[in-house]
Q: 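Sharing a structure, written as C-alpha cells. Questions coming.
Naming convention: chains lettered A, B, ... in sequence-line order (proteins, then strands); numbering from 1 in each chain. Note that these values count all heavy atoms, side chains included, but never hydrogens, waters or copies made by symmetry.
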There are 2 protein chains.
Amino acid sequence: MPTIKDIARLAGVSVTTVSRALNGYSDVSEATRQKIKKIAEELNYTPNSIARGLVMKKTNTVGLVVSEIIKPGVYHPFFLEVLSGIKAALHRSGYDIILFTVDPESQGKTSYERLCKERKVDGTIVQGLKLSDPYIEQIKSTDIPTVLIDIPILTERVGYVSSDNVKGAFDAVNYLVQLGHRKIGLINGHKDAAVSIERLEGYRKALEHYGIPYDERYVAYGDYTQQSGAEAFKKLLREVPQITAVFCASDLMAVGALKAAGEMGKKVPDEISIVGFDDIELSTLITPNLTTIRQEKYRIGYKAAELLLSIIRGEKPRHAVIPHRLVVRQSTRLYLQDTRRAGHCTDAAVQQNPGERSNESAS
Amino acid sequence: MPTIKDIARLAGVSVTTVSRALNGYSDVSEATRQKIKKIAEELNYTPNSIARGLVMKKTNTVGLVVSEIIKPGVYHPFFLEVLSGIKAALHRSGYDIILFTVDPESQGKTSYERLCKERKVDGTIVQGLKLSDPYIEQIKSTDIPTVLIDIPILTERVGYVSSDNVKGAFDAVNYLVQLGHRKIGLINGHKDAAVSIERLEGYRKALEHYGIPYDERYVAYGDYTQQSGAEAFKKLLREVPQITAVFCASDLMAVGALKAAGEMGKKVPDEISIVGFDDIELSTLITPNLTTIRQEKYRIGYKAAELLLSIIRGEKPRHAVIPHRLVVRQSTRLYLQDTRRAGHCTDAAVQQNPGERSNESAS
DNA sequence: ATCACTTCCCAAAACGTTTTGGATCCAATT
DNA sequence: AATTGGATCCAAAACGTTTTGGGAAGTGAT
C-alpha cells in the first residue's frame, strides 16, 4: 500500500509538502500540487485514516450503541428507520458508524467510557436503553459527546431527541374520548423505559382533562413485543371487561392486542377500539389497519445525528423534539352510549376515510 | 487520557514492559505485572486501539456494506436478523462492525478497495448488492477478505453464504404441485439480483420435473417490495386469470399479493394459493398466515461472520449454504380438478395444522 | 545594498502502541 | 573460574499521518 512517503519520494518533495498539497493548504505551488495529485492518483493512494486519527485525535467515527434491539427474536422495526436517518445525516459529514451492541451483561464488564474511548469514537448515539441499565448513570456524568434517543438526559455534553410522548399519548386518548369512549385501557411498555413513563403520564392527563377517574386496573404492562401485547390485552379484558377502547404504547403490542381480540371473538373496531404508537409499516398491513400515533423515525435519527455533530463541534447540547401525529385508520370507531345502537352505527367522517388524515402536533 | 507511558513512569519501568505485562507476555515477573496492572486500574487506563491498529496493521474491525437496504422507504426486514447473527459471531472474537452504506451513486465515487482500505477494515461482509452494481466486478478481483450474502462469487479471498435458492424455490413449487396445482404463477424479484435468477431456475425445474410446460406469461417481476408484489399479482391475474397458485420470491411481495387479492375479491387460499420466501415475522401476523420457505437469517449472518474470520486468518474461502425449510401455514390449500368441489373441500392434514410442520432441507 | 514581504518548501516532533534485538543479573553447570 | 541459560527488563525503531517552526529564494521598495 502506497503511503505519503512513496509519493514524496516520487515527487521529489518532502512528506510535509505532500500532506499539505493533498489537504488543500495554500502554501504549496499549484505546479507541485498537480504533480503530487497525479502521482497519488497513479499509485492509487488511499490515506490511512488510522494514522490520521492517531495524530489528529479525531476519528470521524461515531458509535451507535443499541441495547437488545439487535438480538435473536426481538427485531424492533423502529431501529432500522432511525438508523437510516442517522446514516444519512452522518454520511454527509464524512462520518462513519461503528456499531456497539450491549446487553445488560456486557454493560457490567465494559463501562460506557471504556467502550467509547477504546475505539476512540468522536461521539455516540444511544438507543434502546432502559432506565435501569447501568450505562444510564454513567452517561449522566460522561464527557463524551452523546445523544440519546427517547431518554431524557441533558448535561454539558449529552443531549437527546424524542417525540413528545406525553402529548402523543394525550392525543391518542383524547381522540378516543372524542369518539365517545370513557372506559379506556392502557397497554404500556416496561416501567423502566422512559417512554413508558411519559406515555402513562399523557394517558392520565387526557383522562384528567375530561374528568375521567384514573383506575390502575385499566393499565397492563408489556415489553413492547407483540406477544406481551396479546397477553396484556387478555389480562385487561379479564379484569375490566367493560373497557371499550385501549391505547397501546407501541404498534407491535397493538398488533398483539388485535390478534388476541380476534382469538377472543372481540371485534375491532366494532366492539373495541385500539390505537397504537409508532406507526410502523406493519400497521398498514394488518386487518384492520391500525389507528396510531405516528413517530417520524427517520427524522428522529437524522436529528440525533445532527445534534451529535453539533455537540462534537462544541455547541451546547439540547433536547430536540420531533413532531408526531395521529393517523386515523380502521381500528377505532365511535362509541355510542345507547347500547341498542352501539356496534352498529359508524361515523362516516371517521370510518370512511382511513387515509392519513392527521393532526400535525408539533411541540 | 492516561497512556502506557504514564503507567511506565509511575511503575518505574519501560513502556515495553508495560505493554508486555498488559498483553500477557511471559517475560515479565509476576510482581511487576501486578504492580502495572494495579496502576493501570487506578488510572482507569484504556488502550488506544487506533495506535495499536497503526502498528499492528490490524483493526479488529469488519466493514458491513449494505446497499439500499437502509434507506427511507425500503426497510428490508431481512437485514436486521442477518445483522444480528453477524454481530453475535463477531462479538465473540472481539471484532466490531463499521457500517458502510452504498448507493449506486456512491459506488461510482469511491471504489470498493478504497472504501475498505481507507478505514482499514480487516474484512468485509457485503449484503444487498445487485449483480449490476459496480462493486460486483471490483469484488471479483479484490484481495480484501470478503464474504457476500446471496451473491455467488468465489475467489482466493472472497467467499459467500446463501440459502439454496434453487432448491428452496423448487420445494415451494413442488409443494404447490403436490397440492394439485398445475397453473402456478411466479412473482420474482428484479432480474439483476442473483437470488431472483436462482429462484426462477428452481421454479422452472419443479415445473419440468412434473412435466408442466413453462410459460413466461406466468412470471411477473417486482422489486421485493410489498407494492411491487401487489402490482405483479394484478398483472398476473389480468393476463393469466386461470392461475390457481403463485409462488413469490419474497414474503414482502407475497404480502402485497395477498393484499391485492383481497382488493380483487380473490379469496386466499380458497380461490388462489400463495407461498412466499424468507419467513419474515410479518408472515405470521397477517391473515391468512403465509405459507413460505423459511430462511435462517440469523444463521446466515452468523455463518457469514465466521467464514469471514476464517478468511482473515488465511483459510480458503468457501460457499456456505444454510438450510431452508418449507413452513406450511394458511395461505395454501388443496386444489381439486373437479370444479364442483374446488374451493369447498379442505385437506385436514394440511389446513388444520398451521404450525411449523416443516421439511428440513439441508444441502 | 538593504529591508521587508511573499511564496514555497522542509526537518523533526508528535500521536500511542508493538516489536526487535539485545543487555543485565543470577544461579546452575562444567 | 568460566560458561551456559533462564528470567527480567529496556532503548529504539516502526506504523503513516499532521503540525510546528522555521529556512531559502525571489520580488519590490527604500
Q: Is any side-chain nitrogen or oxygen of B:Thr32 closer than 4.0 Å to OP1 or OP2 of D:dC9?
A: yes

Q: If you pin A:Glu30 and A:Val15 to their nearest nucleotides in DNA chain C, which one's is more 5'?
A: A:Glu30

Q: For the residue pair A:Phe79 and B:Leu80, what are the closest heavy atoms and their distance?
A: CD2-CD2, 3.5 Å

Q: Taking atom types as modelled and ignoring hydrogens, do the side chains of B:Ser111 and B:Gln138 form a donor-acceptor contact shorter than 3.5 angstrom?
A: no

Q: Using atom CD1 of B:Ile50 as one end and atom C1' of C:dA14 as the other, report the distance to the nearest whole Å.
A: 16 Å

Q: Rounded to the nearest angstrom, tell me the gap between atom CZ in A:Arg9 and atom P in C:dC9.
A: 19 Å

Q: Considering only heavy atoms and no angle criterion, is a donor-acceptor pair shorter than 3.5 Å present between the side chain of B:Thr16 and the base of C:dT19?
A: yes

Q: Ignoring hydrogens and angles, does a donor from either the side chain of A:Asp27 or the base of C:dC9 sit under 3.5 Å from an acceptor on the other?
A: yes

Q: Within this structure, what is the CD1-to-C1' distance between B:Ile36 and D:dT8, rounded to whole angstrom?
A: 11 Å

Q: Roughly how many Å is it from CE in A:Met1 to P in D:dG16, rounded to a whole number?
A: 10 Å

Q: Kindly say if A:Lys57 contacts the phosphate of C:dG16, meaning a side-chain N or O under 4.0 Å from OP1 or OP2.
A: yes

Q: Can you tell me if the side-chain N/O atoms of A:Tyr25 get under 4.0 Å from OP1 or OP2 in D:dT19?
A: yes

Q: Ignoring hydrogens and angles, state whether a donor on the side chain of B:Thr16 or B:Ser19 is under 3.5 Å from an acceptor on the partner side chain.
A: no

Q: Can you tell me how far C1' of D:dT19 sits from CZ of A:Arg52, to the nearest Å?
A: 14 Å

Q: Check whether any side-chain N or O of A:Asn23 sits under 4.0 Å from OP1 or OP2 of D:dT18, and answer yes or no.
A: yes

Q: Between atom NZ in B:Lys58 and atom P in D:dA14, what is the gap in whole Å?
A: 24 Å

Q: Can you tell me the distance, in whole Å, between the NZ atom of B:Lys5 and the P atom of D:dC10?
A: 16 Å

Q: Could you check how far CE of A:Met56 sits from P of D:dT20, rounded to whole Å?
A: 12 Å

Q: Across the strands shown, which category fits A:Ser29 at heavy-atom distances under 4.0 angstrom: base, sugar-phosphate, nothing?
A: sugar-phosphate

Q: With a non-hydrogen cut-off below 4.0 angstrom, is A:Ser49 in contact with a base, only sugar-phosphate, or nothing?
A: nothing

Q: Hey, is the main chain of A:Tyr25 close enough, under 3.5 Å, to the side chain of A:Arg33 for a donor-acceptor pair?
A: yes

Q: Heavy atoms under 4.0 Å, any strand shown: does B:Ser19 hit a base, just sugar-phosphate, or nothing?
A: base

Q: Parallel, tilted or perpendicular: which fits the ring planes of A:Tyr135 and A:Tyr112, with parallel below 30° and perpendicular above 60°?
A: perpendicular

Q: With nearest nucleotide decided by heavy atoms, which residue, B:Ala51 or B:Thr17, maps closer to the 5′ end of DNA chain D?
A: B:Thr17

Q: Please pick, from C:dA11, D:dT18, C:dT17, the nucleotide with the shortest atom-to-atom distance to any side-chain atom of A:Val55.
A: D:dT18

